[in-house]
Colleague: 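Here it is, the structure, as structure tokens.
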Number of protein chains: 4
Amino acid sequence: MKKKAEERKNQILRAAFQAVSTQGYNSVTLQSIADHAGVSKGVVHYYFDNKEDTLSQLLEWITNKIYKHELKAVDSESTPLDKLKAYVNSIFVSPEENEKFYKVYLDFLSQATRNETYRKINHSFYQQCWGITSNIIIFGQETGVFDQSIDVEKASKTMRSIVDGLLIQWLMSEDINSHEYYKEICYQSFLKHLKIT
Amino acid sequence: MKKKAEERKNQILRAAFQAVSTQGYNSVTLQSIADHAGVSKGVVHYYFDNKEDTLSQLLEWITNKIYKHELKAVDSESTPLDKLKAYVNSIFVSPEENEKFYKVYLDFLSQATRNETYRKINHSFYQQCWGITSNIIIFGQETGVFDQSIDVEKASKTMRSIVDGLLIQWLMSEDINSHEYYKEICYQSFLKHLKIT
Amino acid sequence: MKKKAEERKNQILRAAFQAVSTQGYNSVTLQSIADHAGVSKGVVHYYFDNKEDTLSQLLEWITNKIYKHELKAVDSESTPLDKLKAYVNSIFVSPEENEKFYKVYLDFLSQATRNETYRKINHSFYQQCWGITSNIIIFGQETGVFDQSIDVEKASKTMRSIVDGLLIQWLMSEDINSHEYYKEICYQSFLKHLKIT
Amino acid sequence: MKKKAEERKNQILRAAFQAVSTQGYNSVTLQSIADHAGVSKGVVHYYFDNKEDTLSQLLEWITNKIYKHELKAVDSESTPLDKLKAYVNSIFVSPEENEKFYKVYLDFLSQATRNETYRKINHSFYQQCWGITSNIIIFGQETGVFDQSIDVEKASKTMRSIVDGLLIQWLMSEDINSHEYYKEICYQSFLKHLKIT
DNA sequence: GATGAATGAGTCTTCATTCAT
DNA sequence: CATGAATGAAGACTCATTCAT
């Protein structure tokens, strides 16, 4: 029985993701989420306390999915450079995916500036992201591929900032097909930053 | 008479900035903007067509102010490195100022993903920002301070992404006093990126 | 379930009729309609798209009711003259009823001059009214009671104009008790017009 | 000085007529009336107490103008039949004029059902209209052109109802070019009613 | 568990009216 | 006299939330 409830929640979260991505955090209605999920409005309230609860669980769910996706990609490679490449590839998936996710993610960032719950969830996500790059950098330093003088913490923050910042610029650009171009900038910036010797 | 109207609009835009920064783009009400400006609700409608008009003019006004502020800071220095330093200083003004502006700015970024008007205004802002760093980089290359091989366009995008990305991470951090720390990361990342010779 | 919704809509339309009759088309508020129906404001919006939708459905509902009432009265008689008499009786029901309906009807006529939806609904109503009198006239001509030379279409238009025009004059008169007098004028005008032989 | 004020008021009333005809009684704003008159909003309030005062003076002004127009037309003819013809002609002036006036007039009728001031003004207008036809009928009876048995009061009411009713039907028709047709119906109905011998 | 009818708080928006200049 | 800036009351509409079925 528990399983069924879990599935139901996932179904609603998936629907919520679609709905928020299309309509935006503030324009989205519980009715619209219910419609996307193919259930009635009451169901959403049955599985979630209220609108904010629904959406904060969505943030947790989606950031966790993204993190796992990135982690898996990095783990499946064995050299620092391959891991770095895999990381960038796992982030710049496709214009469609990135657009959908970053629209929602920007909404949450915007909310998080004034909502402690969201802020904390997002902070955890950042820590996970920093963790991935930290591991890559340390591994690279240990194997002599990356510059020894790099401050791991600082570099991780810079790398995350490049990812977020570039994808935001891409979203704001007039040309959605510049996706590949921004991906390139990201990877080259990473390399430059880690001063490959 | 025209002057008075212009002042009135600025007064309302200042109030709107305060109100949006505190309450957020979507929670802000025209009533609250009017309250912040110390005028009646009707006045806002007298000077602006509607809520969206008010807020899009706010975005234009605030990004323009920020751009001019950065430009002035950079122009007042004469060497590439001083200009770079001045640019970073003009961005990382103070925790209070940065928090206020970036809260509002994130709100607008979030809106811009689904609103062409906002997107365009923000795109113009980006072009202005890219322009500032491009000039610094080219100047540095001409004077032999920065690496000749740097792709100016790409570097400018990376630099803007570092600024945005770091300030977002700073906003999300638990420690608002890490402002100085993030500023440092920004400057060091810039230097590393321009491969000072 | 469908039936309940239908009843609810009728309940609201009845309430809307009362409200419009009392306050007038433009002064009526959805709140007032809700009050008259003994429901909350939201209910009206639940069953109708918006104010105009509510009121245009009211126009359709009320004109249809009037038409059916007139038709039934005429159908229950068997001679042309009796039908004519029944028609007049079905129109001039009582001062209270006529006042209530014609106040609302004048409101809609006034709206219909600038609103295609209302104009069309009202045009349909006119066609139904013309149909009733046309049938009476043709029946009268066939049975040799009415003048053969009467142009059925023209006569129907004149007859409807006499009904509308007289009831408007009655509404504008200082003496609401002149109802019977205006009814008499109507019937006599009809007879004169059909040149009873 | 008095003359200038009178002209000013007329200028505003003319503007109000245009504005009401286009936008409707309830949609019209004092701003729009001021715009049509080419003056500022304040001016309207200077010459009229408030919106209702403006519009009730408009009703008086416009009905008076119509009455004088009809009276003049009738007075310029010398035989009963010519007077009757002239009366119809003075009413069915042109599609444009009739449309403009009857839109406004229907608005006022609709208001008059719940506003004593308007009702009285309109009742006076009706008395004037009845007066015109009464005179024609009596003149026709005296000269032996019309049926002696006609009840003058009743016939006048019927004749006014035919005018109002037909013009309303014409306004509601899909074909605004049927103007001539409705005029014909009006004249023929009048003749039929007065039983020309 | 699921549905969707009902509620009502909260906002934008319009506009008559006032009044200082 | 004329202007138009300012006010604020009023109303349509949205939607999260509740709850009876």
Side-chain angles (χ1 to χ4, degrees), chain A residues 1 4-5 8 23 26-35 37-55, chain B residues 1-2 4-5 7-9 12 26-34 37-55, chain C residues 1-2 4-5 7-9 12 23 26-34 37-55, chain D residues 1 4-5 8 26-35 37-55:
Chain A
M1 293 306 113
K4 207 165 192 177
R8 211 60 160 148
Q23 308 170 257
N26 280 281
S27 300
V28 90
T29 64
L30 291 185
Q31 181 64 66
S32 148
I33 293 175
D35 290 348
V39 298
S40 84
K41 202 167 23 136
V43 173
V44 182
H45 270 99
Y46 188 81
Y47 289 99
F48 299 90
D49 290 348
N50 49 39
K51 194 183 179 182
E52 188 177 325
D53 181 44
T54 315
L55 293 174
Chain B
M1 294 305 112
K2 276 273 176 76
K4 212 162 190 173
E7 272 174 39
R8 208 65 160 145
K9 282 189 86 169
I12 293 168
N26 281 282
S27 301
V28 91
T29 65
L30 290 184
Q31 180 65 68
S32 146
I33 292 175
V39 296
S40 83
K41 197 166 26 124
V43 172
V44 183
H45 274 100
Y46 190 80
Y47 289 97
F48 298 91
D49 289 349
N50 50 40
K51 195 181 179 180
E52 186 175 331
D53 180 46
T54 314
L55 293 175
Chain C
M1 294 306 114
K2 276 274 176 74
K4 213 163 192 175
E7 271 174 39
R8 209 63 160 146
K9 282 189 84 168
I12 293 169
Q23 308 171 258
N26 281 282
S27 301
V28 91
T29 65
L30 291 183
Q31 182 64 67
S32 146
I33 293 175
V39 298
S40 83
K41 194 167 30 124
V43 172
V44 183
H45 274 102
Y46 190 81
Y47 288 97
F48 298 91
D49 289 348
N50 49 40
K51 194 180 177 180
E52 186 175 330
D53 180 45
T54 314
L55 294 175
Chain D
M1 294 306 111
K4 208 165 190 178
R8 210 64 160 144
N26 280 281
S27 300
V28 91
T29 64
L30 290 187
Q31 181 65 66
S32 147
I33 292 175
D35 290 348
V39 297
S40 83
K41 205 170 19 140
V43 173
V44 182
H45 269 99
Y46 187 81
Y47 290 99
F48 299 91
D49 290 348
N50 50 39
K51 193 181 181 182
E52 188 176 328
D53 180 44
T54 315
L55 293 173

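These figures come from a predicted structure and were not determined experimentally. Each chain gets a letter, A, B and so on, in the order the sequences are listed, and its residues count up from 1. Worth knowing before you read on, the calculation uses all heavy atoms, side chains too, and leaves out hydrogens, waters and symmetry mates.
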Colleague: So, is Tyr47(A) close to the dA2(E) phosphate, meaning a side-chain N or O under 4.0 Å from OP1 or OP2?
Modeller: yes
Colleague: Starting at atom CG of Asp49(D), determine the distance to atom C1' of dA16(E), rounded to an integer number of angstrom.
Modeller: 13 Å
Colleague: Starting at atom CG of Asp53(B), determine the distance to atom P of dT13(E), rounded to an integer number of angstrom.
Modeller: 10 Å
Colleague: For Asp35(A) and dT3(E), give me the distance from atom CG to atom P, rounded to whole Å.
Modeller: 12 Å
Colleague: Kindly compute the distance separating CG (Leu30(B)) from NE2 (His45(B)), expressed to the nearest 0.5 Å.
Modeller: 5.0 Å
Colleague: Checking Arg8(C) against Val39(C) for the side-chain contact (heavy atoms from CB on, under 4.5 Å) test, could you report, in this order, the C-alpha distance in whole Å, the side-chain angles of both residues, the deciding distance, and whether it holds?
Modeller: CA-CA 10 Å; Arg8(C) 209 63 160 146; Val39(C) 298; 3.7 Å; yes
Colleague: Between dT17(E) atom P and Tyr46(D) atom OH, what is the distance in whole Å?
Modeller: 18 Å
Colleague: Of Asn50(D), Thr54(D), Asp49(D), which is the lone residue that meets side chain to side chain contact (heavy atoms under 4.5 Å, CB included) with Glu52(D)?
Modeller: Asn50(D)
Colleague: Identify the nucleotide, in any strand shown, that forms a Watson-Crick or G-U wobble pair with dG4(E), with both distances under 3.5 Å; if there is none, say none.
Modeller: dC19(F)
Colleague: Would you give the length of the straight line joining atom CG of Leu55(C) to atom CD1 of Ile33(C), rounded to the nearest 0.5 angstrom?
Modeller: 5.0 Å
Colleague: Mind calculating the distance between CG (Asn26(D)) and P (dA10(F)) to the nearest angstrom?
Modeller: 17 Å
Colleague: Roughly how many Å is it from CZ in Phe48(B) to P in dA6(F), rounded to a whole number?
Modeller: 12 Å
Colleague: Using a cut-off of less than 4.0 Å, is there contact between a side-chain N or O of Arg8(D) and OP1 or OP2 of dC1(F)?
Modeller: no
Colleague: Look for any protein N or O under 3.5 Å of an N or O in nucleotides 8-12 of chain E and output each such pair with its distance, or none.
Modeller:
unit_1: dA9(E); atom_1: N6; unit_2: Lys41(C); atom_2: NZ; d: 3.1
unit_1: dG10(E); atom_1: O6; unit_2: Lys41(C); atom_2: NZ; d: 3.1
unit_1: dC12(E); atom_1: OP1; unit_2: Lys51(B); atom_2: NZ; d: 2.9
unit_1: dC12(E); atom_1: OP2; unit_2: Leu30(B); atom_2: N; d: 3.1

Colleague: To the nearest 0.5 Å, how far apart are CG in Asp35(D) and OG1 in Thr29(D)?
Modeller: 7.0 Å
Colleague: In whole angstrom, give the distance that lies between atom CG of Leu55(C) and atom C1' of dA12(F).
Modeller: 12 Å
Colleague: Do the side chains of Lys51(C) and Val28(C) get nearer than 4.5 Å, heavy atoms only?
Modeller: yes
